[in-house]
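Let me begin by presenting the structure, written as C-alpha cells, before commenting on it.
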Amino acid sequence: MSHLALSQVSLAATVPAGSDLSLRRSVFKAQSVNFSDKSWAPVSTLDLKTKSGRLRNKRIVCMSVQQASAPKVAVSPLELENATEPPLNIYKPKEPYTATILSVERIVGPRAPGETCHIVIDHGANVPYWEGQSYGVIPPGENPKKPGAPHNVRLYSIASTRYGDYFDGKTTSLCVRRAVYYDPETGKEDPSKNGVCSNYLCNSKPGDKIKITGPAGKIMLLPEDNPNATHIMIATGTGVAPYRGYLRRMFMEAVPTFKFGGLAWLFLGVANTDSLLYDEEFRKYLKDYPDNFRYDIALSREQKNKRGGKMYVQDKIEEYSDEIFKLLDRGAHIYFCGLKGMMPGIQETLKRVAEERGESWEEKLSQLKKNKQWHVEVY
C-alpha cells in the first residue's frame, strides 16, 4: 500500500496488468484521465496474485487532483536496504533458479530498426539484487558446441531497482534487443544464426519458466555514500538498462535511506525517435526534478553533429565536454553501458577534449579509475 499523503479529492482508475507494469501505461500515459501536472501513486502494489497463483488482471491507480506531499511510490520490504554488501552469485549455472515470466512488451516504435522488449520476471524474492547488477539467463536446449550440455549463460543488465516494477521486491526487469542475422548476399533473415537467448526471451509468454543465475557484477553499482553526488550516465540502446534502475531509485521510489539530492545526467544514443527506450519515464523525471535530472539524446539517423555527420552519443558528450570535465574534476561518477563498439569513439572524443584543455587523458583516466569515478560495462 502506498503511504503518500494525498490531499482531498482523488480519483481511482483501473488499468490492465501485463505489458510493462512499471507504470509505463498505468501512470506515465494515463490515457483515460489527463492530470498532466498532478502527482500520482499506485494504491496497491502488493498481493498481485490470486490464490491460484495467477496474476491478477487489474491494478488500481490513484491520482490526486491536488499535489501530494511526497510524489513517490512506497516500496517494500525495506529489509532490502539493510545489506552492507551486494548479493553475488546466489544461483550458479549448475544450479540455476527457475523463475516465471510475468510480461513481455515491445517498447520501441514501428520505425525502430530491430525489436527491443521489456521483460518482467517473478523471482519470488529469492534472487535479490542491487541496481547496476546483472542476471544470467540459460536458454532451453542443447549447446551446439557441447552436445548434451546446456547453453552457456548470457548476462543481461537489470533494468529495475531492487524492488522491481511492482515495488515489492519480487520481480526483476530486463531490457532485451532481439538479435537477428540477415544474410548479406540474399538480404533474408537466417533464423539458424539468430541470437538464441534474446529471441527466446522476446518470444516468451507470461507463465513461461526461465532459468536464471546471479546476480552478478559490482562495477556498475550505484555509489550511495554521497546522496548529493553527480552521476553522468552514457548509454547506447539497451545499455540504458542499469540507468533506468538508478533513476527509478532516485526519482520514483520513496526509499527512506536514500534521498537523492544530486545531479543525474543521462546521455542516450539510439537510431531514431522510435528507438528511444523508457523515454516517457525519463521525461517525467525531467519535468518533476529539473534541478536534479538532465537528459540528452543522440539520434544517429535523425540528427547531425557539428561536422555534418551522424549524431552519435560521443558527439553529444563533446557538445557538453567542458561542463562534463568540470563535473569530473569535482568528483562526478561517469558510467558507460552498451555495445563494446561505443567505447573507442567515446575514448577518442574524451582524449581530444582533454588535449584541447591542455590535459593528459591517460593521466586523467588513471585518476578517475583510482578515485572509483569510472564505471564501464560493455558487451
Side-chain angles (χ1 to χ4, degrees), residues 15-31 42 45 48 55 59 73 99-123 127 129 131-135 137 139 154-168 170-180 195 197-208 210 212 215 233 235-249 251-253 266 268 270-285 297 337-338 379:
V15 294
S19 303
D20 176 6
L21 287 180
S22 59
L23 305 183
R24 179 183 174 81
R25 288 182 174 168
S26 58
V27 172
F28 287 115
K29 286 190 177 176
Q31 292 172 331
T45 58
L48 288 168
L55 191 66
R59 198 168 154 70
V73 181
T100 305
I101 299 284
L102 289 185
S103 63
V104 178
E105 180 190 12
R106 177 188 168 103
I107 55 171
V108 291
R111 295 190 308 111
E115 180 177 34
T116 301
C117 295
H118 181 79
I119 300 161
V120 182
I121 299 167
D122 180 358
H123 61 80
V127 197
Y129 56 89
E131 299 73 22
Q133 289 192 297
S134 301
Y135 266 3
V137 176
R154 270 73 162 183
L155 286 175
Y156 291 92
S157 296
I158 293 171
S160 51
T161 71
R162 66 193 70 185
Y163 296 100
D165 282 8
Y166 297 145
F167 311 106
D168 62 1
K170 295 179 182 178
T171 71
T172 189
S173 300
L174 303 180
C175 180
V176 180
R177 177 167 174 166
R178 188 189 293 273
V180 293
C197 198
S198 64
N199 282 275
Y200 157 65
L201 286 168
C202 291
N203 290 336
S204 57
K205 301 285 188 292
D208 287 356
I210 176 175
I212 58 175
M233 301 164 281
T236 57
T238 57
V240 78
Y243 309 142
R244 179 182 184 255
Y246 298 173
L247 295 170
R248 286 169 78 89
R249 187 164 174 81
F251 302 127
M252 185 186 287
E253 297 175 345
L266 174 62
L268 175 58
V270 293
N272 57 20
T273 307
D274 273 24
S275 304
L276 288 169
L277 304 170
Y278 309 113
D279 187 57
E280 290 174 42
E281 285 191 26
F282 301 152
R283 293 196 182 279
K284 177 90 166 70
Y285 306 146
I297 57 176
C337 190
Y379 39 84

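These figures come from a predicted structure and were not determined experimentally.
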Exercise. For the pair E115 and R177, find out whether any cationic side-chain nitrogen is under 4.0 Å from an anionic carboxylate oxygen.
Key: no
Quiz item: Got L102 and Y166 here, is their nearest side-chain heavy-atom distance under 4.5 Å?
Solution: yes
Self-check item: Taking every non-hydrogen atom, the tightest pair across C202 and V176
Solution: SG-O, 3.8 Å
Quiz item: Taking side chain as C-beta onward, heavy atoms only, is V180 less than 4.5 Å from N199?
Solution: yes
Quiz item: Measuring from I210:CD1 to I119:CD1, what's the distance to the nearest 0.5 Å?
Solution: 7.5 Å
Quiz item: Nearest heavy-atom pair of R283 and I297: which atoms, and what distance?
Solution: NH2-CD1, 4.0 Å
Quiz item: Does E131 use its side chain to pair, donor to acceptor, with the backbone of R162 at less than 3.5 Å?
Solution: yes
Self-check item: M252 backbone acceptor or donor facing R249 side chain under 3.5 Å
Solution: no
Self-check item: From T238 atom OG1 to Y156 atom OH, the distance as rounded to the nearest 0.5 Å
Solution: 9.0 Å
Exercise. Side-chain contact test, heavy atoms from C-beta onward, threshold under 4.5 Å: evaluate it for I107 versus L277 and give yes or no.
Key: yes
Self-check item: Residues K170 and D165 bridged, charged N to O under 4.0 Å
Solution: no
Quiz item: Considering all heavy atoms of both residues, which atom of G132 and which atom of P242 are nearest to each other, and what is their separation?
Solution: CA-CB, 4.1 Å
Quiz item: Has the side chain of D208 got a donor or acceptor atom that lies under 3.5 Å from a matching backbone atom of S204?
Solution: no
Quiz item: If every non-hydrogen atom of V108 is compared with every non-hydrogen atom of A112, which pair is closest and at what distance?
Solution: CB-CB, 3.7 Å
Quiz item: Hey, does Y135 have a side-chain heavy atom less than 4.5 Å from the side chain of T172?
Solution: yes
Exercise. Mind telling me whether Y285 and F251 have parallel, tilted or perpendicular rings, with 30° and 60° as the class edges?
Key: tilted
Quiz prompt | Test item: L268 and Y243 side chains (from C-beta on) under 4.5 Å apart, heavy atoms | solution = no
Quiz item: If we ignore angles and hydrogens, is there a donor and acceptor under 3.5 Å between the side chains of Y278 and H118?
Solution: yes
Quiz item: Taking it one step at a time, do T161 and F167 satisfy side-chain contact (heavy atoms from CB on, under 4.5 Å)?
Solution: CA-CA 8 Å; T161 71; F167 311 106; 5.8 Å; no
Quiz item: Rounded to the nearest 0.5 Å, how far does CG of L247 lie from CD of E253?
Solution: 11.0 Å
Quiz item: Is the shortest heavy-atom distance from the side chain of V240 to the side chain of C337 under 4.5 Å?
Solution: no
Practice problem: Quick one: closest heavy-atom pair of P206 and S103, and the distance? | Solution: CG-CA, 4.3 Å
Quiz item: Tell me, do C175 and T116 make a side-chain contact under 4.5 Å, heavy atoms counted?
Solution: yes
Quiz item: When you look at N203 and R178, which way does the side-chain contact (heavy atoms from CB on, under 4.5 Å) test go after all the steps?
Solution: CA-CA 9 Å; N203 290 336; R178 188 189 293 273; 2.8 Å; yes
Quiz item: Just by distance, with hydrogens left out, do S134 and Y379 show a side-chain donor and acceptor under 3.5 Å apart?
Solution: no
Exercise. Answer yes or no: is there an ion pair linking R248 with E281, defined by an N-O contact shorter than 4.0 Å?
Key: yes
Exercise. Write down the atom of I212, the atom of H123, and the distance for their closest heavy-atom approach.
Key: CD1-CB, 4.4 Å
Self-check item: Reported CD1-to-NZ distance for the pair I101 and K205, which is rounded to 0.5 angstrom
Solution: 10.5 Å
Quiz item: Does D122 reach the main-chain N or O of A99 with its side chain, forming a donor-acceptor pair under 3.5 Å?
Solution: no
Exercise. Verify, without hydrogens or angle tests, whether S275 (side chain) and V270 (backbone) share a donor-acceptor contact under 3.5 angstrom.
Key: no
Quiz prompt | S173 side chain reached by R244 side chain, heavy atoms, under 4.5 Å | solution = yes
Quiz item: Do Y129 and S160 have side-chain N/O donor and acceptor atoms under 3.5 Å apart?
Solution: yes
Quiz item: Roughly how far, to the nearest 0.5 Å, is CG of L174 from CD1 of I158?
Solution: 7.0 Å
